[in-house]
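Chain A is the first sequence line, chain B the second, and so forth, proteins listed ahead of strands; every chain is numbered from 1.
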Amino acid sequence: MITIVDTGGIDDSLGLPLPIETTLPSVPKFHRAFGLDEDQLLAKSGGSFTLGRAMSNWTSSPAPSFHPYSETGANLGPVGFHHLVARKRSGGEAVNLANYSVAALCAQSGRFARPPADLRSVLSTMGYGLHLETSSYRSFLKEVALAGGVRAIGGSVADAELSARNQIRAVRLESGEKIVGDLFLDCSGPSRVLISKLPDAQFEDWSNLLPCNRFAASIRDAAEAPLAYTHIDATSDGWQSFASTQNVSAQADVYCGDADGQSTPFVSGRMVRSWIGNCVAIGGAAAVIDPIASTQLHLAASSIARFLKLLPDNISATAEANEYNRQFAEELENARDYAALHYRRNGKFGVPFWDSCRRKNALLRLAHKVALYESTGRLARLVRRAGYYAAALRCDGRCDRRPASVRFHGSSAKHNVERGRNAATASCLSGTVNESECMSDSGPIRHIVIVGGGTAGWMAAAALSRMQANGVTKITLVESDEIGIVGVGEATIPPIKMLGINENEFVARTQGSFKLGIEFDGLERDGSKYLHPFGAYGSDINGVKFHQIWLRLRSLGFKAPLADLNLGSVAAKYGAFDRPSPDRRSITLTIDYAFHFDAGLYARFLREYSEARGVVRREGKIIRVEQREPDGFVGAVETERGERIEGDLFIDCSGFRGLLIEDTLKTGYEDWTHWLPCDRALAVPSARTEPLLPYTRSTARSAGWQWRIPLQHRTGNGYVYCSEFERRRGGGDIA
Amino acid sequence: MCIAASLSDDEAAATLLDNLDGEALAEPRPLRFVTGRRKQAWNKNVVSLGLASGFMEPLESTSIHMVQAGISKLLALFPDRRFAAHERDEYNRLTALQWEQTRDFLICHYKLNNRKGPFWERCAHMQIPESLTRKLELFRDRGRLFRYEDELFSDASWTAVMMGQGLMPSGHDPLADTLNPDEIGHMVGKMAALFDGAARAMPPHAEFIAQNCAGGRV
């Protein structure tokens, strides 16, 4: 049973009481996931669509920039679109990003359509958020909740009654009424009427990163049709937003200032833990983030979704609470950093408030992200919405420092090799990157030297060979025939990419076979056996994960083993294999596979591939490594034949010893023996007498485990063990 | 790398050779290692790949993947001659994360075992990283699984190994109770029949290879 206590008053449950909530594209998705019909929602609440944010006066330039809720341009292979733009701009060409965004183009001309499901349509790259008049949106949700059986009562919370273990047992209202419950959601906004009563409650102030502390808003009837975007204008001490719906338009002012009688104060920050015991704070009760990036409703909706995923069935669910808090912290810090970026990277030079924001020290993770972008235009992968970041990072109006090093094959790349030296060194001097490792020498890597020619070395050579297309970079691989291929196994897991190599050719050339998973024999206990398959189990139903459905059925006496619900496992049982069908509706799509192959043949295959692409092979054992003064970088290696090979970048594939990384640079090693105790292995090929199985087998032995890998021409065998226990068994070490 | 054989290697060789599919085609080749990882996979102007960057046993065939993941990160963060520290730092941060996630998955195989004998019993009682403890606790209780940033192994992989190693969740997600048990029972039964039919329609593995990618005699 669910009871909601409606405390009335100004609705600041999301943080700041904005008259119109502007949302990110995630919110329409949440609506769909929660089963809310969008057309019905917009019809009843008068809401409208937003295709992005127009940012005005954030730079000295009078033209606003647009941050669209759609992809901008398209990546070319592995090269991100923002790199392509940077390259064009470095050639002096003016590029208006808005011309490469469907959402920006639609927003400018006041058009809107929902993106089609057909992924081949360029319109499918478009996303949209919503403009929702907060009060009518709330009424709509209330109607849905009441129809779903939720009980609502009005009243103010006077007190919470705690148990001996500091769980909330009940809330008492001003009227004297007492409401008992198992689980309490605090949606009371910054007043935090429940969670603040718990002894563990702790607020963390983020106003050093998000300096605005005053809020004012006004709302009036709409004079015209709603704009399909949100307008955000920088002011002398903060920002103003303008948004409109079908019926109303609203202005919000967020700024940094003293009490003035016309505005409401607020503090950006969060509860360090928003799920404590049996109380979960949602929305403004959990965190208040300056809403410059329209994150308020997103954070509340995603908190609810996360809470549903971790919904406990008893009130002492500490594992769930810890997990919730960890995930929420991550999301919240990303949202905070993104909002903080607007202040830290503003282009309003000469305005005292904004100048002070630029000078402020950002948190480490933000500084790191900005440094990475400033020098290379690269975005840390931590951030999913790379496009939004790219847009925001540019809001100071400055150009990306230089394009990425990844280049295209072909002659057209040549004229782009020269980079602006000034720009490159400027980022060294800016203070964000000032380590001694910033050398005066700039320009592309001229020579890559790969030390060691095992599987690792030749894989690196094959994959890096494309770098030579810039006309500057050369690659040399040094290998000694003395060092054979050891260690690197003869099997893979699915994500192996084939460098554009035909898969059938690869399997044929390496005497390979297909791998649906790994069978573990006796690893749990003697006689037990199971397959770890690569593909998924069953399929999710109504958003419930398949293994959860299976667990439920199992609790009801359902007998089918989980392995029967995995196509790879069933095929492995029959010793059969087939690739997934190209038909998107086929159930064979749930198959995922990897390969078994002969590592020696694979290295030979990669060597041919690399040498055909210009990689030079040198034979000889390395006897000396030269380090440069004063930075200690490796400058050259010398072979026993007296050949000296200089390089800018060295790839150490010399095996466990680590000729460069450890012997020379003394990098240090983190020992995991206490967790993974095996310390020796023996490998031997044998004739294959049994049928060609489509999986690897691992069998437990008394001091380790043994592998068996089926290849076309033989079987690969190996034993991995812990010498301490093998010795005990054998009775002493005479080495 | 080859080191004089000790008695324990001889014992181990006997264990291995006693359990071969067919006749051995060479002498067993020994390898000694210390599981772990290089503290910085990229140091100054040296990037280490393969065994030079660390070693985890091939229980889940991760070695080649780690090499490949290293190369693709290097391509994504390819330096110029300034060797900016933040490119190296990002490479090392992502690499450390990936090694730790893989390490946890491997430890899980050892930690969750019910075998007899001193080696396996010690593994079952060892301390494990906090990140893995959290994962096991969430699963033990109600089968909860979360896949974190860039994690190599899927929910299905964790499910297979945790259940396979005897960790059956004691409950399930309360959301599963919102589904009609007869309907889902029927759907899941149908699914199993479909899978069985699809698998029976596939060619035997050897036949598939003979038709598409036979390597010929060597």
Side-chain angles (χ1 to χ4, degrees), chain A residues 311 319 371-372 405 435 441-442 456 463 487-489 491-492 504 507-508 511 524-525 530 532 536 548 551-552 564 567 570-571 576-578 633 650 652 655-656 658 660-661 665 667-668 670-672 675-676 681-682 684-687 689 692 694 703 712 715 719 723 725-727 730 733 735, chain B residues 6-8 11-12 16 20-25 28-29 31 35-36 39-40 43-52 57-58 61 63-65 67 71 78 81-82 85-86 107 114 117 119 137 143 156 159-160 164-166 172-176 192 195 199 202 205-206 208 212-213 215 218:
Chain A
L311 191 67
L372 199 63
S405 314
E435 288 193 33
D441 188 15
S442 74
V488 180
T492 66
N504 282 342
V507 173
Q511 293 285 336
E524 192 264 318
R525 69 182 75 210
Y530 68 95
H532 160 204
Q548 294 290 1
L551 285 171
R552 163 110 197 270
D564 287 0
L567 185 53
V570 182
F577 177 79
D578 206 351
F633 276 42
F650 288 81
D652 188 346
F656 193 59
L660 304 183
I661 195 85
L665 296 180
T667 303
E670 197 175 305
D671 185 329
W672 288 343
W675 288 323
L676 295 168
L682 285 168
V684 71
S686 72
T689 58
L692 192 67
Q712 292 184 39
T715 298
Y719 178 34
S723 59
F725 289 89
E726 186 66 34
R727 188 162 59 235
D733 193 339
Chain B
S6 66
L7 182 62
S8 77
E11 290 292 330
L16 175 63
L20 294 184
D21 170 19
E23 168 201 356
L25 301 176
R29 209 175 47 196
L31 174 69
T35 50
K39 282 179 181 159
Q40 289 169 288
N43 187 2
K44 299 186 191 288
N45 62 337
V46 175
V47 177
S48 56
L49 292 172
L51 288 175
E57 55 183 84
S61 315
S63 316
I64 293 210
H65 175 82
V67 173
I71 294 170
F78 202 78
R81 296 209 298 277
R82 290 181 310 124
H86 48 263
I107 298 172
N114 296 300
F119 171 72
E137 266 176 24
T159 306
Q165 292 296 118
H172 57 262
D173 188 337
L175 277 186
F195 284 163
M202 291 180 187
H205 185 209
F208 182 90
N212 296 288
C213 38
V218 281

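- Taken to the nearest 0.5 Å, the CG atom of B:Leu31 stands 9.0 Å off from the CG atom of A:Leu682.
- The shortest heavy-atom contact between B:Glu137 and A:Ala319 is OE1-CB, 4.1 Å.
- The shortest heavy-atom contact between B:Ala156 and A:Ala536 is CB-CA, 4.0 Å.
- Between A:Leu665 and B:Lys44, some side-chain heavy-atom pair lies under the 4.5 Å cut-off.
- Note: A:Asn504 CG to B:Phe208 CZ = 6.5 Å, rounded to the nearest 0.5 Å.
- Per-residue counts of heavy-atom pairs under 4.5 Å with chain A were compared for B:Ala24, B:Ala176, B:Ala192; the largest is that of B:Ala176.
- Contacts of B:Leu175 with chain A are made by both backbone and side-chain atoms, with heavy-atom separations under 4.5 Å.
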- Message: As a quick check of understanding, evaluate side chain to side chain contact (heavy atoms under 4.5 Å, CB included) for B:Met202 and A:Leu567, giving each step before the final call.
- Response: CA-CA 11 Å; B:Met202 291 180 187; A:Leu567 185 53; 4.2 Å; yes

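- Between B:Asp21 and A:Ser686, the side chains place no donor N or O within less than 3.5 Å of an acceptor N or O (distance only, hydrogens not considered).
- When each of B:Pro174, B:Cys213, B:Ala160, B:Pro28 is checked for heavy-atom pairs under 4.5 Å with chain A, B:Cys213 comes out on top.
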- Item | Step-by-step side chain to side chain contact (heavy atoms under 4.5 Å, CB included) determination, B:Ile107 to A:Leu676 | CA-CA 6 Å; B:Ile107 298 172; A:Leu676 295 168; 3.8 Å; yes

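- Heavy atoms of A:Phe650 lying under 4.5 Å from chain B belong to its backbone as well as its side chain.
- With chain A as the partner, the residue from B:Ala206, B:Gly143, B:Gly166 showing the most heavy-atom pairs under 4.5 Å is B:Gly143.
- Between chain B and the options A:Asp564, A:Leu660, A:Thr667, heavy-atom pairs under 4.5 Å are most frequent for A:Thr667.
- Here B:Thr35 contributes atom OG1 and A:Asp671 contributes atom CG; the two are 6.0 Å apart, rounded to the nearest 0.5 Å.
- Between B:Gln40 and A:Ile661 the shortest heavy-atom distance is O-CD1, 3.7 Å.
- Of the possible polar contacts, none joining the B:His172 side chain to the A:Gln548 backbone as a donor-acceptor pair under 3.5 Å is found.
- Heavy atoms only, all atoms of each residue included: B:Ala52 and A:Gly658 are closest at CB-CA, 4.2 Å.
- Contact record, B:Gly50 with A:Ala456: CA-CB, 3.9 Å, taken as the closest heavy-atom pair.
- Proximity to chain B is limited to the side chain of A:Thr715, based on heavy atoms less than 4.5 angstrom apart.
- Rounded to the nearest 0.5 Å, atoms OH (A:Tyr719) and CD (B:Glu11) are 9.5 Å apart.
- Taking OG1 from A:Thr689 and CG from B:Leu20, the interatomic distance works out to 10.0 Å, rounded to the nearest 0.5 Å.
- Contact of A:Gln712 with chain B is made through the side chain alone, with heavy-atom distances under 4.5 Å.
- Residues A:Phe656 and B:Leu51 come closest through the heavy atom pair N-CB, 3.3 Å.
- A:Val684 places a side-chain heavy atom less than 4.5 Å from the side chain of B:Leu16.
- Note: A:Arg552 leads A:Arg552, A:Glu670, A:His532 in heavy-atom pairs under 4.5 Å with chain B.
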